[in-house]
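What follows is a single structure, written as structure tokens, with notes after it.
Below, chain A is the first sequence line, B the second, and so on; all start at residue 1.
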Amino acid sequence: MNRIDVKRRNVLDHRKKQFADPSYKETQYPHRLNFYSTPPTADITLEQFEQWAIDRLRILAELEACSFRNKTPAETEAHMKPLLEKYLPLSASSSGHSNLHAQRQKDHYSHFILRLAFASTEDLRRRFTRVETMLFRLRFQTDDSRERAAFVRTLNLDWEPVSEEEKRALAPQLATTIGFGYGKRAQQVMDEDWCKVDWIRVPDLIEGRKVFVKAGKAYVPGSAQQSMVLNAFTKRLEQAMELTSRALPRLDEDDRLTPILNHLSKNFIAPDSSYSGSGPAIEGAEITARNIDNLSQHFPMCMAHLHRSLRRDSHLRHFGRLQYMLFLKGIGLNLEESLIFWRSSFNKITDDTFNKEYRYNVRYSYGDVGGDSNRRSGGHSPYSCQKILTEHAPGPGDAHGCPYRHFSMENLTSLLRASGVTDPQVLHGVKEDKESQKYHMACNRVFEHLHRKELKRAKDDGVMTAAQLETIVHPNEYFKRSYLLKNMGKQPQSQQQGDVKMEG
Amino acid sequence: MPHSDPRTAEEDPNHPSAAQMEEEPAAAAVSSPPVEEDVVMAEAGEIQGVVEGTKPAAEPPSAQIEADEDRIQIKQETKSDIKLENLFDGIDSDEDEFTSSNNAQQEVETAAADAAFELLRIYYQRFFPWRYMFQWLNHSPVPTKDFKHREFSLWLHNDAVMRYQSYTTADLFRKDVLRLMPRRIEIGPVYTADPRDRKTFRNSTAFQPLAKELCFDIDLTDYDDVRTCCEGANICHKCWKFTTMAIKVMETALQEDFGFHHILWVYSGRRGVHAWVCDRKARMLEDHQRKAITSYFDVVSGKQGGTRVNIRRPLHPHLSRSLDILKDHFQQDVLELQDPWKIPERAESLLQQIPDSELREALRKKWEASPERASTAKWADIDALAQTSASSTLDPKDLLDAKQDVVLEHTYPRLDTAVSQKLNHLLKSPFVIHPGTGRICVPIDKNNLDAFDPFNVPTLQGLVREIDAWNEGENGGDAAQDGGGSSQDVRHVVQDWEKTSLKPYIEYFRSFVTALMKDEREITVKREREEEEPEVKVESLDF
């Protein structure tokens, strides 16, 4: 009520009000890297606004996919290089590139546009910060070392270089932190570029006793300074995003930018939770409580295992329920059917117990009950592989998690055999994937094996587009693809099922 | 009439069932020795009256209480005693008469609990160092947000916990505690706003924990696999040594490595100690920084099934220094006092840590021949055999590493990490009374660390007795001048705690708080100065 009328406030040009002299309307970009501390103020066209944001988004989405697929830093770099050159080139100052300024301006502006698009929810902010940090790391690593040093100096990070004298005095202590083994490292200590920072700035180095600390100062060797820069980057970005989100409701905007921003943020959500559960995911499929047993042949291992455990024990523990329930929601099982499914599956308990202990959970997952925000967002979204792999590792008695990651090799092999994967070559491949922590690869390998005939036919007929043949990073995607492939050409399902069995 | 939980009463060492009382003839000096069940309740009422209304008059009897809980003996001085104490004796004597009746038993328990409750009231009224507690948390004589927005949580006698209590002044805090009579007070973080108003904020960001002391909790139960004298909640002088060496290591590292100065060690009342690191920098740490410092200290982790030391070589300076501190303790307090490898199973686990199989076999043979060999000798055997047999495959560096691991496993501090990692974790306040042992959670003077004896810590019972002994002495001396207690007011008001064995602990706490407040003032002054001269700072940064 006491607030200033929105329309009246609009009269003030914030640039004129806040900054007496809009001198950096023509921002100079002396360095390739950017900490994005100053927002852009120059005018750009609406097309540029959209195009630049989409280009950057493409890069970020690709980076995120790399992390989903557990690619090593080297692989990621190789994968990203051509994409970066195409969509978001950023050349070193020494390269003498003619449009350095244009490149850096695009980088600068697109970052800030995406900030606007992704500031709205906590979840989006976290993801944005994470991938932006990944992008920054990638560029930081590839940057020319002299330019990087110059850039770091401009950051004002409160680093204090360690003098030669101090280095000499502390050599024995410092020596213990720069490598393994008992080699002669006195010289190494002197060669290294040490700096002193407050220990609270480098918690990850303190955590593993990786650096020497004295009187609250951590002595960080040059090689570890990257983590400090990245920490600083993440931290500043987090704070800035928080501020942006608070300012967002007051963004007095005509309806030119808002649709673009909304569209952008929706695109970003895509890989993680496109399965909102509203509406059937696949047309023509009968997705009911009664049909789940039949459908379970299309489930990825994690869900097939949950289904089997549920049938065996007539019960699932909390995280198992959650993972499986949301998956079922994702394939299109509606709330009513879901309640029927869970009630009939937990057949060892009374109606009363079910209503008391489980009914609410099912309804909560569908956003039928719970707080306002839960209801508005329609409950939780189905877990992605990323989430299943990283959160809530299963303990004894749990059936959730990713079998490729959380099972021992023996258990995984027997599970695979039970699901019809007996080809020793495939099993060996899975083992290798598991050992190199590429759980997605293992899952996709199994998928390709189980659907090899259909895939071949689909490729020959050109039914599937390239996008549909990309790596699966979501259990629901696995189901959807499996279902579509097996029902290609509307053949009777029973026949397809027979095929699978024969293959086994 | 205060309500109290019988279960709490059971934990009280003064409780009749847990204590064997030496009956004194004067025990019958209770107003009227009860013979009927109903009288007991009335009795309790009277006790209350006596406690609140009058100064207890001196009475002659003495008592020795033996509480069997924790195998702890609370030995009381048997000089003179007070009426309060008599009242308890009276109740205890009731119990003897009524043991056959369950009903009566219960009522007696209630009465005893009520009496314990009254004792607690006396403690909060007369002994609890309100002023210094306030200054400690407030860091200034004038109430600031540090105190006003601080969460206290009070554990009531019916097992309810009142969280998010806050007080604007020390006096309000005292009044509320006296009203509710919590059996335990916990201290939480300072929040961005008054914790009592937390529900008025719409979004959660407006109500966030801001600051709290960095806390560490060392619990002797975590040492069960290396101590041979006691188990679980039990402790004795031998295993208390583990705490002593842990404090030394932590104290040194916190001061030298992290540059903290205001570290308060508090006895937790039974089997452990808490550390409160009160420096401003420590208070402002965020969760991930707390987590980092906790894992900095985490060397012996029991997570991976069985405790194992897993550290990189070369040793981090913190660890090599800790080893220097711990070496002597290992020899004296572990090898000699604990004799950890006396039984063959434990000796076997030591053998498993020997890196060389030849040496291992030689040792095994030797020890099997003389099963009674002391740990000190066994430890010496390792080096002796390693030198004489000169095993072809043995790398002396590996052996040294393994021996260092053994020393660390047996001596290095084991922390309860949950306490240290979270900003909003609550921790029991100093000077609270431990309900199980009746001991007061007193601060430990680290300059006199080795002298600290957990069995000699003041108990509530003891305090009441002491103050009466003091009053009696005073009364005897001053009776000629003024007659009675009023003479105390004339020149110098002696605080009640000063008359008891609580005195050195509160004085230590006071000096700790004074030093903290002094530092805090200097920081504020310094910051103001810095703000005045920003020019200089910019120049120095231009490297």
Side-chain angles (χ1 to χ4, degrees), chain A residues 122 149-150 152-163 170-185 189 195-196 198-219 227 231 234-235 238-239 242-243 245-246 249 371-373, chain B residues 202-206 208 214 252-261 277 279-299 301 305 310-322 395-398 400-401 412 417 420-421 537-538 540-543:
Chain A
E122 168 93 43
V152 168
R153 263 200 296 280
T154 62
L155 292 178
N156 259 350
L157 287 173
D158 274 345
W159 292 0
E160 200 181 317
V162 178
S163 66
L170 294 173
Q173 281 93 327
L174 294 178
T176 62
T177 60
I178 46 171
F180 299 91
Y182 290 92
K184 279 183 196 166
R185 278 163 312 159
V189 170
C195 70
K196 269 195 289 191
D198 272 344
W199 74 267
I200 48 173
R201 310 266 312 261
V202 285
D204 51 328
L205 297 178
I206 293 293
E207 195 162 321
R209 286 187 296 271
K210 289 188 192 112
V211 289
F212 171 62
V213 258
K214 190 180 166 211
K217 294 280 184 197
Y219 289 71
S227 87
N231 274 352
T234 313
K235 199 168 169 197
E238 267 168 9
Q239 283 168 353
E242 179 76 35
L243 288 178
S245 79
R246 275 186 229 164
D372 195 35
S373 67
Chain B
R202 245 161 145 227
N203 52 350
S204 54
T205 45
Q208 293 275 327
L214 173 64
T252 319
L254 286 169
Q255 291 204 10
E256 290 185 7
D257 296 355
F258 294 99
F260 296 134
H261 302 293
V277 186
D279 295 62
R280 177 185 281 270
K281 271 191 174 166
R283 298 202 309 267
M284 302 309 290
L285 291 180
E286 289 168 27
D287 277 352
H288 66 281
Q289 291 155 344
R290 283 168 203 258
K291 190 160 164 275
I293 196 169
T294 315
S295 41
Y296 184 83
F297 285 113
D298 188 20
V299 172
S301 83
N310 191 9
I311 42 177
R312 294 186 306 156
R313 312 286 163 167
L315 280 184
H316 187 270
H318 160 64
L319 292 174
S320 36
R321 186 196 46 217
S322 300
D395 183 350
K397 262 176 195 157
D398 284 349
L400 179 69
D401 287 357
Y412 192 85
T417 49
S420 320
Q421 291 181 349
K537 215 181 164 191
V538 169
S540 70
L541 273 168
D542 193 30
F543 52 81

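- Nearest approach of A:Ile206 to B:Ala292, heavy atoms of both residues: CG2-O, 3.9 Å.
- Residues passing the ring-ring contact (aromatic ring centres under 6.0 Å, His included) test with B:Tyr296 are B:Phe258, B:His316, B:His318, sequence neighbours excluded.
- The only option from B:Lys291, B:Arg290, B:His288, B:Glu286 that meets the side chain to side chain contact (heavy atoms under 4.5 Å, CB included) definition with A:Pro203 turns out to be B:His288.
- When the side chain to side chain donor-acceptor pair (under 3.5 Å) test is applied to A:Asn231, the partners found at least two apart in sequence or on another chain are A:Asp204.
- For the atom pair B:Thr294 OG1 and A:Glu207 CD, the distance stands at 8.5 Å (nearest 0.5 Å).
- For a residue to count as touching a neighbouring chain, one of its non-hydrogen atoms must lie under 4.5 Å from one of that chain's; by this rule A:Val202 does not touch chain B.
- Within the 4.5 angstrom heavy-atom criterion, only backbone atoms of B:Glu256 (N, CA, C, O) approach chain A.
- Shown here for B:Leu285 and A:Ile200, the closest heavy-atom pair between the two residues is CD2-CG2, 3.1 Å.
- With a threshold of 4.5 angstrom between heavy atoms, B:Leu254 does not approach chain A through any atom at all.
- Of the candidates B:Val299, B:Asp298, B:Asp257, A:Arg209 forms a side chain to side chain contact (heavy atoms under 4.5 Å, CB included) with just one, namely B:Val299.
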